[in-house]
Amino acid sequence: MTLNNKPILELTRVALAVTALAVAANSQESSPATPLPPAAPTTQQMAPVPSFRIGDFRLETPNADNPSPGGAPDASAGSDQRPGLVKRSIIRIGQDQKFLFKGPFEKHNLKWDAVILVGTGAFLAADRHIENNIPRSHFGVYQAISDTAIGGLAGSLAGIYLFGAKTEHRHARETGELELETLINTFLIYTPMQLIAGRQRPDEGNDHGDFFKHHALDTSFPGGHAMFTWAMASVLADEYPKPWARALSYGAAFTVTFSRFMARDHWSSDMFIGTGLGLAIAERTFHARCNPEFESQCKHHQWWWKPMKIEVQ
């Protein structure tokens, strides 16, 4: 069964659209107008001019984008807001990618590399045996369950982000921003892996799951649904580490992974490595960018996930 790549493309478009909305919502802030002095015997009065500043992109130094105290506003500031933020966003994602690609080669991560590699190898060897014992029915039901779980998780995250943007709730806003950043980081790792692996799905080709047969995003390895949903769920569970929140977020990710596997959209090894990569990308992004002031997992696990040094431009 061939899985259309529309969900992945739609997910990317949603992430970029929400990012654009966030830029528009937070890119400028007007200071309250100062009261006018008493009328003077002059023929003309100057109205107070609101001051503008480029919206801060979280976790950069507080004064990086603000004018110096008492400085005159720059007439070109308004036209430079969007390019400046886009440039900083590109630099930020570039730092993330450098950090993520270096991660597997760090000494404290070698044990997790072994878990992922050995586990994936074991599932690759058992893929056909496992697949032969899966019922060949109710594909539509499993896909509907998966879509419902994805919709519930994505809707929850969108609600948290909109709440943070509307009320200026810093913790909710961080959650939304880190979710978007994690999804972008996940996509940038998922895409080349799909293009290189080119693996056939179950019931495709000779039913052996051969690699290097396709060169597109609509392939089997790694499992995209598992990779993206575990990444989203991990950030949400880290930001709100309550037992019920963890159960709901990880439960949704497991439901998506299991139902897509039962729908014969992926081999077991695809879903295993997708789960591992999604968790790893989310954890490293979260612990590199999170704010330890919030009631989250940010202040914990620092011995496990080495914090990233942010390069301020």
Side-chain angles (χ1 to χ4, degrees), residues 12 15-16 18-19 22-23 26 55-65 85-113 115-116 157 160-161 164 169-193 222 227-241 245-246 249-250 253 274-313:
T12 306
L16 296 177
V18 177
T19 304
V23 172
N26 300 292
D56 297 331
F57 196 62
R58 202 185 57 77
L59 285 184
E60 295 191 15
T61 53
N63 297 324
D65 300 318
L85 183 56
V86 169
K87 181 179 179 180
R88 290 194 304 275
S89 301
I90 293 174
I91 294 173
R92 181 182 173 103
I93 295 298
Q95 292 174 353
D96 288 349
Q97 290 296 301
K98 179 180 178 181
F99 180 59
L100 289 168
F101 278 101
K102 287 172 59 179
F105 303 100
E106 295 173 357
K107 184 177 180 180
H108 63 281
N109 286 329
L110 294 180
K111 56 183 176 295
W112 304 113
D113 298 342
V115 171
I116 297 297
L157 297 175
I160 292 173
Y161 180 80
H169 191 282
R170 295 172 60 218
H171 192 183
R173 183 175 174 180
E174 176 186 90
T175 302
E177 290 175 351
L178 287 186
E179 287 288 359
L180 289 174
E181 189 166 347
T182 300
L183 287 174
I184 294 173
N185 287 330
T186 303
F187 180 79
L188 292 177
I189 293 176
Y190 165 83
T191 301
M193 292 187 69
M227 196 167 172
F228 283 95
T229 52
W230 279 102
M232 290 190 292
S234 181
V235 173
L236 182 60
D238 282 342
E239 287 284 4
Y240 300 97
R246 284 174 168 268
S249 58
Y250 287 137
T275 298
L277 289 174
L279 286 171
I281 293 169
E283 289 295 324
R284 290 180 67 81
T285 303
F286 172 79
H287 283 287
R289 299 292 188 181
C290 62
N291 189 339
E293 296 178 0
F294 301 142
E295 293 183 2
S296 67
Q297 289 294 98
C298 189
K299 62 185 65 175
H300 304 294
H301 298 168
Q302 294 292 9
W303 59 272
W304 186 5
W305 303 103
K306 185 177 179 181
M308 180 172 66
K309 295 180 180 179
I310 306 301
E311 300 177 8
V312 180
Q313 299 296 321

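Because the structure is predicted, anything quoted here is derived from the model rather than measured.
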Original post:
Should D113 and F105 be marked as a side chain to side chain contact (heavy atoms under 4.5 Å, CB included) after you check the CA-CA gap, both sets of side-chain angles, and the distance that decides it?
Top reply: CA-CA 9 Å; D113 298 342; F105 303 100; over 6 Å; no
**OP:** Without swapping roles, check the side chain of E174 against the backbone of N291 for a donor-acceptor pair under 3.5 Å.
**Re:** yes
Within-4.5 Å side-chain heavy-atom neighbours: [X] and [Y]:
X    : Y    : value
F187 : T191 : yes
V235 : T285 : no
M193 : L277 : yes
S234 : D238 : yes

Original post:
Could R284 and F99 be counted as a cation-pi pair, given that NZ or CZ must be under 6.0 Å from the ring centre and within 45° of the axis?
Top reply: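 Cation-pi check for R284 and F99: passes.
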Any residue meeting side chain to side chain donor-acceptor pair (under 3.5 Å) with [X], in chain and number order, not counting sequence neighbours:
X    : answer
T275 : W230
Q97  : N185
H171 : E239
S249 : none

**OP:** Apply salt bridge (charged side-chain N to carboxylate O under 4.0 Å, His left out) to E295 and list each qualifying residue two or more places apart in sequence or on a separate chain.
**Re:**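 By the salt bridge (charged side-chain N to carboxylate O under 4.0 Å, His left out) rule, E295 matches no residue at all.
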Grab the two heavy atoms, one from [X] and one from [Y], that are nearest each other, plus how far apart they are.
X    : Y    : result
H108 : K111 : O-NZ, 2.8 Å
G276 : I116 : CA-CD1, 3.6 Å
I160 : A172 : O-CB, 3.6 Å

State the [atom1]-[atom2] distance between [X] and [Y], to the nearest 0.5 angstrom.
X    : Y    : atom1 : atom2 : answer
D96  : E181 : CG    : CD    : 4.0 Å
I91  : R88  : CD1   : CZ    : 8.5 Å
I184 : S89  : CD1   : OG    : 8.0 Å
Y240 : T175 : OH    : OG1   : 3.5 Å
Y250 : L279 : OH    : CG    : 6.5 Å

Subject >> Evaluation steps, side chain to side chain contact (heavy atoms under 4.5 Å, CB included), between I281 and M227 >> reply: CA-CA 9 Å; I281 293 169; M227 196 167 172; 3.9 Å; yes
Subject >> Residues L183, M232; criterion side chain to side chain contact (heavy atoms under 4.5 Å, CB included); working and verdict >> reply: CA-CA 7 Å; L183 287 174; M232 290 190 292; 3.5 Å; yes
Original post:
Residues in side-chain contact (heavy atoms from CB on, under 4.5 Å) with P241, at least two apart?
Top reply: R246, Q297
Original post:
Between R92 and E177, is there a salt bridge with N-O shorter than 4.0 Å?
Top reply: no
